[in-house]
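These notes concern the structure reproduced below.
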Amino acid sequence: MSIIVQKYGGTSVVDAERVQAVAGRVVQAREAGHDVVVVVSAMGETTDELLALANRITPTPEPRELDMLLTAGERIAMSLLAIAVNARGCKAASYTGSQAGIITDTQHGKARIVEIRPQRIKESLDAGNVVILAGFQGLSTEYDITTLGRGGSDTTAVAMAAALGADVCEIYTDVDGVFTADPRTHPEARKIDRISYEEMLELAAAGARVLQLRCVEYARRHGVRIHVRNSLGEQPGTWVDEEESTAMLESALIRGVALDVEEAKVTLDEVPDRPGIAASIFKAVAAEGIHVDMIVQNISHDGRTDLSFTIPRADVPRVNAVLEGIVADVGALRFETDDAIAKLSLVGAGIKSNPGVAADMFDALAAEGINIEMISTSSIRISCVIRAEDGERAVRAVHQRFGLDGAKLDEEA
């Protein structure tokens with residue numbers, strides 16, 4: 001039988017009624033003749049509630065124990081779903097990440113999968129079970145429980161689909177698929193029927209909340225087809241796969257606009273402009289596991305320059321601790337962090353070969369009186385750092401400028 005992996009997010013299992021609805025969909029897939037593996041996130045806001053509880057005790061919970069705490073949410077969800085499926089007369093068995101053979105590195109809170117050992121899952125499928133897995137978690141090479149970071153259940157699902165050779169990995173969420181902008185805040189956004197791994201990677205990296213970036217990377221590397229669907233309906237969603245773009249290289253095909261409001265900007269003033277200084281700064285930041293996104297260095301004056309870069313807002317306390325020491329070591333004047341920024345990104349094939357795209361994007365922002373603080377580009381993306389308070393207005397302006405409100409983006413899947 002063919003294997004289908006289904007992943008359900010927190011909104012899909014927010015309460016007993018939703019859990020029952022998911023159970024019905026799972027049983028339907030099983031009765032259609034498929035082997036079914038289901039990955040679930042924690043119910044509703046459970047993860048946030050557990051994190052808030054830990055922060056009431058201390059603002060800096062010990063990472064190992066925090067992972068032990070946060071993984072409880074997925075274990076609750078998986079057990080309830082297994083109970084619901086069994087109650088419908090369909091055999092089901094639930095497993096934690098460690099029981100499922102998901103092996104990670106030792107980085108708590110942001111662990112990366114290094115190996116999948118799916119033998120126990122295969123045996124359970126062979127025994128006729130629907131297999132239900134706790135997402136977001138694994139077992140480190142040092143035998144500690146780890147978590148995969150926000151959205152990690154997406155990565156759990158794709159990784160297990162790759163390990164089992166599944167036909168498809170269905171990601172169920174509270175929207176109908178991938179849109180040209182976030183439909184929760186921009187109802188005029190249009191659904192995209194099919195999108196390439198590369199374009200989806202750029203949208204995910206830019207802050208689109210449909211799929212976790214690492215899950216798309218894993219899918220591309222292992223050739224896993226993803227189908228993003230709404231858990232409350234039967235309509236087709238968005239296929240993410242190795243699409244061969246039908247767009248001419250001379251014509252930009254704009255896919256969407258994304259806004260990331262979870263970043264902060266770090267600026268070091270009067271940094272000595274000589275070889276090795278930037279390396280010292282970013283090695284110290286990397287040693288703390290802090291991801292750096294955009295980097296801008298100003299023109300040197302009198303042997304000194306200013307250096308700015310963006311990081312996840314959640315890492316501001318840690319980067320502050322790092323830079324307090326490194327600033328003096330490298331001879332910089334001072335540093336400051338700014339968490340009132342947002343990153344606006346435009347994604348689409350052919351952007352690099354169409355200089356008019358950047359001009360139009362910047363003109364749309366200028367017409368709204370929105371200032372650009374940093375710019376970065378790739379072959380299919382343009383990103384700008386702006387004030388967070390201007391974020392939603394900026395998305396609307398760019399979305400409208402490129403005709404995405406009324407664009408026909410449906411393609412043959």
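Count residues from 1 along the sequence.
Residues passing the salt bridge (charged side-chain N to carboxylate O under 4.0 Å, His left out) test with Asp48 are Arg150, sequence neighbours excluded. With sequence neighbours left out, the salt bridge (charged side-chain N to carboxylate O under 4.0 Å, His left out) criterion links Arg334 to Asp269. Residues satisfying the salt bridge (charged side-chain N to carboxylate O under 4.0 Å, His left out) test with Arg318, not counting sequence neighbours, are Asp315.
Applying the ring pair (Phe, Tyr, Trp, His ring centres under 6.0 Å) test to every pair with at least one member in residues 291-342, sequence neighbours left out, gives these pairs: Phe282-Phe309. Sorted by first and then second residue, the salt bridge (charged side-chain N to carboxylate O under 4.0 Å, His left out) pairs involving residues 23-33 (not counting sequence neighbours) are Arg25-Glu234.
The distance from atom CD1 of Ile4 to atom CG of Asp35, rounded to the nearest 0.5 Å, is 9.5 Å. Ile382 CD1 to Glu202 CD: the interatomic distance, rounded to the nearest 0.5 Å, is 11.0 Å.
Between Tyr197 and Val216, the closest heavy-atom pair is O-CG1, 3.8 Å.
For the residue pair Asp273 and Thr305, no side-chain donor N or O sits within less than 3.5 Å of a side-chain acceptor on the partner. Donor-acceptor pairing under 3.5 Å is lacking for the side chains of Thr238 and His227. Under 3.5 Å, the side chains of Tyr95 and Ser124 contain a donor-acceptor pair of N or O atoms.
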Next item on the list: Run the numbers on Asp306 and Gln297 for side chain to side chain donor-acceptor pair (under 3.5 Å), then give the verdict.
Entry: CA-CA 6 Å; Asp306 296 336; Gln297 180 173 311; over 6 Å; no
List, one per line, each side-chain donor-acceptor pair under 3.5 Å for residues 66-77, sequence neighbours excluded.
residue: Asp67; atom: OD1; partner: Gly109; partner atom: N; Å: 3.4
residue: Asp67; atom: OD1; partner: Thr147; partner atom: OG1; Å: 2.7
residue: Asp67; atom: OD2; partner: His108; partner atom: ND1; Å: 2.8
residue: Asp67; atom: OD2; partner: Gly109; partner atom: N; Å: 3.1
residue: Asp67; atom: OD2; partner: Thr147; partner atom: N; Å: 3.2
residue: Thr71; atom: OG1; partner: Asp67; partner atom: O; Å: 3.0
residue: Thr71; atom: OG1; partner: Met68; partner atom: O; Å: 3.1
residue: Thr71; atom: OG1; partner: Arg75; partner atom: NH1; Å: 3.0
residue: Glu74; atom: OE2; partner: Ala42; partner atom: N; Å: 3.0

